[in-house]
Amino acid sequence: MATATVSTLSATFGTHCAISHNPKSQFSQPFNLNRFPSPSHSHSSNLTFSPRLPLSPLPKSTESALAQTQTQTLSPDPQSPNWEPGLFAVVMIGSRQYIVHPGRWIVVQRLKGANVNDKIALHKVLLVGTDTSCYIGQPIVTNAVVYATVEEQGLDPKVIVFKYKKKKHYRRTIGHRQPNTRLRINSIMGYENYPKVTMDDLNLDDTQSEDSQS
Amino acid sequence: MNKGKIFKLAKGFRGRAKNCIRIARERVEKALQYSYRDRRNKKRDMRSLWIQRINAGTRLHGVNYGNFMHGLMKENIQLNRKVLSEISMHEPYSFKSLVDISRNTFPGNKNVVIPPRKVAI
C-alpha cells in the first residue's frame, strides 16, 4: 500500500519513522514532487508521523457521533477508511502546530493530567483539507474537532547538556529527557459547515494547469 | 564521564580522535559544546528554511513572501511557517487558495517580477 514516494514531511520532522503518501488524486496531489529535495534528517524534531503501513483498524470508539458504527464491529474492508480521502488538519497543541492525518500518531509535548487510553478532543483546528476542498480557519475552523487517544506518555531520547568555559575551570554535564505524549489521531470531524474553498474556486489558468499535470 | 562514554560519543571522529583518550576527550567536549549551541541554532535555521520555501511557493503564484504573510496576518490566519512550508510542498491547491486569500486582502506592491518562463530551445 505504501508507495515509493516518501514524503518530505516525515524527513523534516520525523525522529522516528518515515511516512509514504499514497498517490492521491486531484486536490492533494503534489504537482512536482522532485522540486524540493529531501532535507537533511538532522533537522528539528517537532513533528513525527507514524508510518502509513500499520494503519490502525477503525477505532471502536464510544463517542456518540460514531454511534452507528458500534453496530458493526468491523467494517467490511479494514483498509478503506470512513473519512474523506486525503483528509488532513492543522491542529495546535501546546502552542505548536502539527499536520495531522486520521489513523496516524503524533508525538507532542507532555499533556499533564492525561492518562493512557484517554480520549482527547482538540479544538484548535486551524485548517482542514481534503482531496477536493480546503477549509481555512480564521483563525480556527469553528466546530471542528480532532479526536485523539493518548497512547503513551514517554520521554524523548536523552540529550547531554554540556556547558564549558575555557580557561576558567568550569564545566557542567547534565542529561535531559523531555517528557512527551504520543497521540493516536482517531478522526477529524465537525468541519463540514464551514465555508470552504474547492477546486473550482481556484482560477486555474493555463500556466497553472500545465504545472499540475506534469 | 568515563572513558567508555567518551569513546562511545567519539564514534565516527577523524583519526586519533576516535581512538586515543586524550584527543578524544577534547574533541568530544567540543562536539558537546557545538551540540548545545546548535540546538538553539537549529530553531533559527529551520525557520529560515521554512521562509525560503514559502517564498519559493508563493512566487510561483506571483506573490512574494512579505506580501503573502502580510495578507495572512490581516486575515487572521494563524498558520505558522512550518505548516505553511509543508502545505506549499505537499498540498499545492490548498496553498494556492491561501495565496489567493492573501492576494485579495493585500494586493501588495506592483514591483514583483515573475521571472519569464524558460522555454526549451
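Computation of the quantities below employed the complete heavy-atom set of this structure, encompassing side-chain atoms and omitting hydrogens, waters and symmetry-equivalent molecules. Being a predicted model, the structure only gives us computed values, none of them experimental. A, B, ... follow the sequence lines: proteins, then strands. Residue 1 opens every chain.
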Nearest-0.5 Å distance that lies between atom CD in B:Glu91 and atom CZ in A:Phe88: 4.0 Å
Is the count of non-hydrogen atoms from other residues, nucleotides or ligands lying under 6.0 Å from B:Lys18 atom NZ greater than 12? yes
Taking CZ in B:Arg16 as the centre, count heavy atoms belonging to other residues, nucleotides or ligands within less than 6.0 Å. Is the count above 12? no
Toward chain A, the part of B:Arg39 with a non-hydrogen atom under 4.5 Å: side chain
Side-chain donor or acceptor of B:Gln78 paired with backbone N/O of A:Pro139 under 3.5 Å: no
Counting only non-hydrogen atoms closer than 4.5 Å, does A:Val90 touch chain B with its backbone (N, CA, C, O), its side chain (CB onward), both, or neither? side chain
CG-CG distance between A:Leu127 and B:Leu98, expressed to the nearest 0.5 angstrom: 6.5 Å
Could you give the distance from CD (B:Gln33) to CZ (A:Arg171), rounded to the nearest 0.5 Å? 9.0 Å
How far does CG of B:Leu79 sit from CD1 of A:Ile136, to the nearest 0.5 angstrom? 8.0 Å
Heavy-atom closest contact (B:Ser35 atom, A:Ile160 atom, distance): OG-O, 4.5 Å
More than 12 heavy atoms of other residues, nucleotides or ligands under 6.0 Å from CZ of B:Arg22: is that the case? no
Chain A contact via B:Leu72 - which portion, at a heavy-atom distance below 4.5 Å: neither
Are there over 12 heavy-atom neighbours, none belonging to A:Asn193, within less than 6.0 Å of that residue's CG? no
If you look at every heavy atom in A:Gln138 and B:Ile77, which pair is closest and at what distance? CG-CG1, 4.0 Å
Within 45° of the axis and under 6.0 Å from the centre of the six-membered ring of A:Tyr98, does NZ or CZ of B:Lys82 qualify? yes
For the student: nearest non-hydrogen atoms of A:Ile99 and B:Glu86, plus distance: CD1-CB, 3.6 Å
